[in-house]
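Data block below; observations after.
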Amino acid sequence: MKNRIAILSLFAAFFVPAVNSKAAPQSQSNKASIDGTLTDPAGAPVAEVQVTAQPDASSAGQVVSVASSSDGSYSLSLPAGRYRLRFSRKSFAARELVLTLASGESRVLNLHLDLEPLSSSVVVTAQSVPTPAQQTTAPTDVISRETISERQAVSLPELLEFSPGIAVGRTGPFGGSASIFLNGGNSNFTKVLVDGTPINPPGSMVDFSSVTTENIDKVEIVRGAESAIYGSDAVSGVIQLFTHRGDTRIPAFGVYSEGGNFSSARGGGDLSGILGKFDYSGAAAYFRTDGQGPNDYFVNRTLSGNFGYSFSGTNQLHLSLRNNTSDAGIPGPTLTPGAVPDLFQGYGQKIFSANARWEFTSGSHWHHQLIGTDSYTRQRSFANPGDVFSFDSVLSFNRAAVNAQSSYVSRNFIATAGYQYEVENAGINFVLPGHLRRNNQAGYLDFRYTPVSRLTLDFGGRVEANGNFGTRVVPRIGGTYVLRFGKGFFGDTRYHAFYGQGIKEPRFDQTFGTDPCFPGNPDLKPEASKNWTTGVEQKLASDRWKLSADYFYTRFYDIVSFANCFPGGLCQVIPSCQFGNGTFFNTDLAFARGVNLAFEVRLRKWLFINGNYTYDDTRVVKFENPFSDPSLVPGDHLIRRPVNSGSFGVNLNVARVNWNFIGYFTGVRADSNFASATPVTDPGYARFDMAANYNVTRGLFVTARAVNLFDKQYQDAFGYPALGRYYMLGLRYAFTGKN
């Protein structure tokens, strides 16, 4: 008996491990494996991509996730079944695939990951193809969706004035014209895009008074002449708004409602998600206020949508639509001595934009875009019937274009060629005939070359053939060099330099005006600029601190101005014109030079501080007709552009509270009252805003914000009072969606 037990024990000691050792490989062989390499659009490996395999309801197993290594490789071992694979990393667009894996199957899956245009670390506007922010050569500023939400900014000027190099001119608090001056340029020297569609009325400025931040994921600001890519209007720079795209399979949605002083009320909602290969995003909002004085009401309505369909990861269609409509009372420059509020004047504006885009690849290197754009602006001013010097005006503008672009993308070199055809239409009630038209076309080239990892060069140019002023060639060239790669306290040091030229076509009334005493001038040349910038960016404390400094110089040529005719002047006097006569000429010269300084500091996970300072020395160099506007005497500063300005912000995110305190200051501004030969100035001021939200429970927030917290009395434009203390309280519910 004892011998039998000993024999059985010995048998078990040798046989059982042998069975287990054979069973383990057999179990492993039942699993499937996926291996591959992940690369960016240029073919370089992408590390730290999170690869997640989610089994569907019919498959056994758990979620498996790995990260790609430094050479872009990854490997997954999974039980047989059906899986949804998701590849995600900051700055790159997420990719999803559905695979069915058989037992023991081994599959190789290599993927190219595209840069995510909506990422705050990717810049779309600075070049013809999306570019990592650290490789852009022109100075840029990116305002993220998180910043927009935390500051609870409603209108775009509320957001932009806290960016370096920007001054905002408002003719009143609500509904008054709001203009942007970028790096010292005129208000019509900045091209404004919504998802790639220009919304500038041809040759004119965008009135930002009705442009809201609803459904906007990101705002990019490029400071520098960019007509080589964008043609007319990009004289001082470009501002682009990007609409949110749906990115969750379980829909995300939100609703909000708020009210405040001046009988103000605002509400809206949004919905976004992915349904199969279709992604969608939509939002609607309504805002109304009685304003802070007589005839100061303002009503604004916003509709926004963004829709896409992916045939594959490299073949996609997108359509974005946006409409802002507003109505406002205009009391006028009530701070002017002796002035009383105008109780009859009103202003209505509609800005609509649409963008249809087809993006696809052919082979591993060629990327193509076919884009159709359309925008419509209608502005109507209602005059005081008792004022003989005022009249109703109706302005309507439409610009539609087709743009075809192809890019060859390799690891160290990107070459882009494109062609654009644009049709501009206008209806101006004081210019006959009622319909005006201008056809433009252009071809452009853009190149980016990275000979070594530290150095990136870009250069290109555009040939613009305008229906009025003919053909012009505008170049651009720039470079960025990493002086030092660093970790720890003293991080990367990057230097960049940029040179570009800008052009702007004349307005329709400047060219086609039909009043016999104040005719247009068909011989006008385009207004033009030559701009160069240089700067450095320094990261510190493991990238928690970032400092930047940029110097800019821009010379403005052939600025169009109106000149009254007088004996020996630029034009002949017409005796039959009771109030005199005049027309438009390319006469003025000016320059802007200065420095933009900015910093960002993440002191703790819950404490973020940022700020900027701008020194902007603008000067009139030449003006042929000082009798028409005494503010344009050579040597004077250009109007409504302060020499000194800046801002700072503090964000605290503690427990359930997110709190923002923002300050803005500006020095004295030169200005004009356009009715007197006496030069005027707008005094400097400091203003403080606040925004906060409290997370009551998951998805539910109490919100509060205050503009001009300390009720500072000031004016951005001479005679027009700015908004006094203004506050809003509300509730917001947001469900972020899930994949």
Side-chain angles (χ1 to χ4, degrees), residues 171 177 179 186-189 191-192 198-207 209-210 231-233 330 345-352 374-385 387-401 422-440 465-470 503-527 558-565 570-574 576-588 625 628-629 674:
T171 58
S177 175
S179 52
N186 288 344
S187 58
N188 55 3
F189 283 1
K191 189 147 196 169
V192 184
I199 61 172
N200 299 66
S204 191
M205 62 165 248
V206 173
D207 178 0
S209 62
S210 60
S232 180
D233 309 325
I330 307 297
Q345 188 177 4
Y347 174 66
Q349 178 172 238
K350 176 186 176 71
I351 301 177
F352 170 81
D374 186 70
S375 67
Y376 172 76
T377 301
R378 186 177 189 272
Q379 300 169 336
R380 182 176 182 183
S381 296
F382 305 89
N384 184 344
D387 187 350
V388 297
F389 296 103
S390 64
F391 59 94
D392 290 352
S393 69
V394 180
L395 312 176
S396 59
F397 304 97
N398 169 253
R399 54 194 308 172
E422 182 180 48
V423 178
E424 299 174 333
N425 296 280
I428 304 174
N429 68 332
F430 53 86
V431 176
L432 299 175
H435 177 255
L436 305 169
R437 177 170 172 151
R438 182 160 53 201
N439 293 0
N440 312 314
N466 185 274
N468 285 133
F469 62 71
I503 54 174
K504 186 192 78 65
E505 62 190 355
R507 299 194 314 259
F508 275 106
D509 61 301
Q510 292 173 337
T511 302
F512 298 110
T514 55
D515 188 310
C517 294
F518 304 101
N521 183 353
D523 297 324
L524 287 176
K525 296 181 290 185
E527 298 177 280
D558 296 326
I559 301 174
V560 175
S561 64
F562 182 84
N564 291 310
C565 300
L570 296 172
C571 51
Q572 296 290 330
V573 176
I574 302 177
S576 60
C577 293
Q578 181 181 359
F579 299 103
N581 64 290
T583 189
F584 297 94
F585 295 93
N586 294 102
T587 59
D588 298 4
N625 194 30
S628 64
D629 191 343
F674 303 102

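The residues of the chain are indexed from 1 along the displayed sequence. Computed from a predicted structure; not experimentally measured.
In terms of the salt bridge (charged side-chain N to carboxylate O under 4.0 Å, His left out) criterion, residue partners of E505 (sequence neighbours excluded) are, by chain and number, R438. For R380, there are no side-chain hydrogen bond (donor to acceptor under 3.5 Å, both in side chains) partners two or more places apart in sequence or in a different chain. Every residue two or more places apart in sequence or in another chain was checked for a ring-ring contact (aromatic ring centres under 6.0 Å, His included) with F382, and none qualifies. By the ring-ring contact (aromatic ring centres under 6.0 Å, His included) test, F397 pairs with no residue at all, sequence neighbours left out. By the side-chain contact (heavy atoms from CB on, under 4.5 Å) test, T377 pairs with P201, Q349, I351, Q379, sequence neighbours left out. Judged as a ring-ring contact (aromatic ring centres under 6.0 Å, His included), and not counting sequence neighbours, the contacts of F508 are F512.
For the atom pair CD1 (I503) and CG (N466), the distance works out to 7.5 Å, reported to the nearest 0.5 Å. Atom CG of D515 and atom CG of D509 lie 11.5 Å apart (nearest 0.5 Å). To the nearest 0.5 Å, the span separating CG on N468 from OG1 on T511 amounts to 5.0 Å. The CZ atom of R507 sits 9.0 Å away from the CD atom of E527 when rounded to the nearest 0.5 Å.
Under a 3.5 Å cut-off, the side chain of N581 and the backbone N or O of F518 do not form any donor-acceptor pair. Here the side chain of S381 pairs no donor or acceptor atom with the backbone of D392 at under 3.5 angstrom. In this structure, K350 contributes its side chain and R378 its backbone to no donor-acceptor pair below 3.5 Å.
Among all heavy-atom pairs drawn from P198 and S375, the shortest one is O-OG, 2.9 Å. Contact record, S187 with S179: CB-CB, 3.7 Å, taken as the closest heavy-atom pair. Smallest separation of non-hydrogen atoms from C571 and G582: SG-CA, 4.4 Å.
In this structure, the side chains of Y376 and S396 come closer than 4.5 Å at one or more pairs of heavy atoms. Q510 places a side-chain heavy atom less than 4.5 Å from the side chain of L524. Contact check for N429 versus S393: side-chain heavy atoms found under the 4.5 Å cut-off. Residues P506 and F469 are in side-chain contact: their nearest non-hydrogen atoms beyond the backbone lie under 4.5 Å apart. With a 4.5 Å cut-off on side-chain heavy atoms, I559 and T587 do not count as touching. Residues L436 and N425 form no side-chain contact, since every pair of their non-hydrogen atoms from C-beta on lies 4.5 Å or further apart. You'll find the side chain of Q572 stays beyond 4.5 Å of the side chain of I574, heavy atoms only.
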Exercise for the section: Step by step, work out the side-chain hydrogen bond (donor to acceptor under 3.5 Å, both in side chains) result for T171 and S177. Expected result: CA-CA 5 Å; T171 58; S177 175; 4.7 Å; no
Problem - Chi angles and distances behind the side-chain contact (heavy atoms from CB on, under 4.5 Å) call for F585, N521 - result: CA-CA 7 Å; F585 295 93; N521 183 353; 4.3 Å; yes
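Side-chain contact check for N200 and D233: no donor-acceptor pair (N or O, by modelled atom type) lies under 3.5 Å. For the residue pair S204 / N188, no side-chain donor-acceptor distance below 3.5 Å is found, with atom types taken as modelled.
The existence of a salt bridge linking R399 and E422 is confirmed by a sub-4.0 Å separation between a basic side-chain nitrogen and an acidic carboxylate oxygen.
Counting heavy atoms of neighbouring residues, nucleotides and ligands inside a 6.0 Å radius, atom NZ of K525 does not exceed 12 of them.
A distance below 6.0 Å separates the ring centres of F562 and F584.
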